[in-house]
Amino acid sequence: MKFFDIVYKDLIDSSNPKELENIFLKLGFNKIFVIVPIVSKKDIILNPDFSSFKKISLEYIYLIEDISILKDLDKKIILFNPNFSKSNKLTKFLINKNIKYLYNPLSDSLIFDEQCSNLCKINNIKVVFNYNSFRSKNFQKNIKQAQFIILLLKQKLINMYFCSFAKDLNSLCSKQVLFNFLKEFNLDQDILNNILDYNKFVEKYD
Amino acid sequence: MIKFKKINVIRPTLRHKKRYLKISCFNDLSSYDNKKLAYIFIKNFQKTHGLFKTSSANISVLDFKNNIIIIRVNKLFLNDFLSSLFYINNDLGLLFIEKQSFTLKSLIS
């Protein structure tokens with residue numbers, strides 16, 4: 001079984017590749033996705049250069065806010081981070097069938113409700129949580145929202161994943177600590193086994 | 001006539017009730033000693049799981065050398081202790097859980 005994590009480029013650039021490889025292998029991760037945040041077409045970088053990493057494989061993953069850029073990134077893994085300046089409701093974004101991955105549905109107020117979970121089920125959308133939001137200043141609000149959202153996702157059998165989105169080494173976490181922490185959200189062992197599974201994350205439902 | 005085999009059962013007083021953890025740290029913690037580390041782990045556990053669980057868990061730091069910590073916990077609270085380590089990154093940085101066992105001998109060997 002291959003385990004993956006999602007990380008910012010700042011982490012990759014800040015430390016020695018050999019040291020980083022050993023850290024990721026010790027934490028139990030074989031595959032790493034490196035985030036490329038995209039605001040406009042100019043930010044798109046297609047060909048990564050990770051030749052210095054030999055024991056772990058790295059790939060680019062794109063984080064977008066604007067739906068119109070989706071067409072330029074065909075056949076790539078894209079995380080959608082909704083921009084609420086245009087519309088207050090998440091359901092208006094989730095109707096689009098080109099969105100496959102939803103990034104972190106936690107915010108200042110509850111935005112993910114039963115209607116959103118129904119849309120995720122119909123369109124086979126996967127939800128990716130940023131577990132460092134449970135360690136931030138608003139951790140109590142985020143945990144309360146997450147308890148409600150995770151219950152909804154569990155009932156509808158929607159795939160969910162928990163990743164670090166780390167910019168420095170202290171934001172990373174080992175698998176055993178993460179699994180035991182997520183048991184507090186009443187997640188079964190079957191779901192916990194799939195939370196970091198690379199093959200399930202990349203699987204396509206056409 | 002069915003023959004019953006006698007099963008040897010461990011006496012309740014001899015059962016393993018503790019769990020031992022071997023944890024290594026990425027950051028340099030040479031300025032810390034056993035007492036300071038135990039205080040940090042216990043305060044962190046109390047913050048996440050409360051006063052009463054902390055008193056029952058009996059967390060203690062047995063040894064600390066070369067950035068490797070050996071901790072003893074009550075077996076019923078092992079999962080709670082591991083989940084509390086999620087919040088310890090602010091104090092101690094990145095931690096790796098190397099090994100878990102129910103005897104000290106198998107942990108060290």
Side-chain angles (χ1 to χ4, degrees), chain A residues 3 5 7 10-11 14-16 18-29 32 129-140 142-144 146-147 150 162-189 192 195-196, chain B residues 19-29 31-32 37 40-50 52-54 56-57 59 61 66-102 107:
Chain A
F3 296 104
D5 198 7
V7 137
D10 304 2
L11 176 65
S14 65
S15 18
N16 189 4
K18 274 190 181 177
E19 211 180 59
L20 253 186
E21 258 184 347
N22 287 332
I23 290 173
F24 281 128
L25 286 172
K26 242 183 168 181
L27 292 172
F29 300 114
I32 305 289
F129 285 90
N130 176 355
Y131 64 68
N132 275 307
S133 51
F134 301 136
R135 288 173 173 176
S136 60
K137 283 182 185 174
N138 295 331
F139 71 96
Q140 280 174 337
N142 289 333
I143 288 177
K144 205 172 177 184
Q147 281 172 331
I150 289 172
F162 291 81
C163 299
S164 67
F165 294 88
K167 292 185 179 177
D168 56 55
L169 287 171
N170 285 344
S171 309
L172 294 171
C173 182
S174 79
K175 257 183 355 207
Q176 287 149 316
V177 171
L178 182 61
F179 284 167
N180 280 295
F181 178 74
L182 293 173
K183 278 183 187 172
E184 306 284 346
F185 291 101
N186 296 321
L187 286 171
D188 304 326
Q189 195 60 42
L192 282 176
I195 269 172
L196 292 172
Chain B
R19 292 290 180 265
Y20 298 91
L21 289 168
K22 188 177 177 185
I23 297 176
S24 65
C25 335
F26 180 74
N27 296 342
D28 184 26
L29 301 178
S31 58
Y32 289 84
L37 280 175
I40 291 172
F41 281 115
I42 290 169
K43 272 288 167 185
N44 190 52
F45 189 82
Q46 190 177 319
K47 186 178 149 191
T48 51
H49 290 93
F52 292 97
K53 273 197 179 182
T54 314
S56 314
I59 301 165
V61 173
N66 300 329
N67 281 347
I68 292 176
I69 311 170
I70 296 181
I71 294 178
R72 184 184 66 193
V73 193
N74 192 333
K75 74 171 185 181
L76 297 170
F77 297 95
L78 176 65
N79 289 337
D80 293 333
F81 179 72
L82 286 172
S83 69
S84 76
L85 292 181
F86 188 75
Y87 285 103
I88 216 163
N89 64 329
N90 289 332
D91 299 314
L92 300 178
L94 183 59
L95 296 179
F96 305 105
I97 296 173
E98 307 245 343
K99 212 174 177 183
Q100 299 176 26
S101 77
F102 50 82
L107 194 78

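Predicted model, so just to flag it, every value in this text is computed and none were measured. Below, all heavy atoms of this structure are taken into account, side chains as well, without hydrogens, waters or symmetry copies. Residue numbers begin at 1 in each chain, while the letters A, B, ... track the order of the sequences.
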| message | Would you say that more than 12 heavy atoms from the other residues, nucleotides or ligands in this model lie under 6.0 Å from the CG of B/N66, or not? | response | no
| request: Flag yes if more than 12 heavy atoms outside B/K43 fall under 6.0 Å of its NZ atom; otherwise flag no. | output: no
Measuring heavy-atom distances to chain A, does [X] have an atom under 4.5 Å in its side chain, in its backbone, in both, or in neither?
| X | answer |
| --- | --- |
| B/S24 | side chain |
| B/N27 | side chain |
| B/F86 | both |

Nearest 0.5 angstrom please: [X] [atom1] to [Y] [atom2], how far?
| X | Y | atom1 | atom2 | value |
| --- | --- | --- | --- | --- |
| B/S84 | A/F181 | OG | CZ | 10.5 Å |
| B/N90 | A/R135 | CG | CZ | 8.0 Å |
| B/L95 | A/N170 | CG | CG | 9.5 Å |

| note | Applying side-chain contact (heavy atoms from CB on, under 4.5 Å) to A/N186 and not counting sequence neighbours gives A/K154
| For A/I143, what residues pass the side-chain contact (heavy atoms from CB on, under 4.5 Å) criterion, not counting sequence neighbours? | A/F134, A/F139, A/Q147, A/F185, B/Y87
| note | Within residues 69-82 of chain B, the residues sitting under 4.5 Å from chain A by heavy atom, in sequence order, are B/N79, B/D80, B/L82
| query | What part of A/K175 is in contact with chain B, defined as an atom under 4.5 angstrom from a non-hydrogen atom: side chain, backbone, both or neither? | reply | neither
| task | Using non-hydrogen atoms and a 4.5 Å limit, figure out which bit of A/L182 sits close to chain B: side chain, backbone, both or neither. | result | neither
| Heavy-atom side-chain proximity of B/L94 to A/L27 below 4.5 angstrom | yes
| By ring pair (Phe, Tyr, Trp, His ring centres under 6.0 Å) - contacts of A/F3 (at least two apart) | none
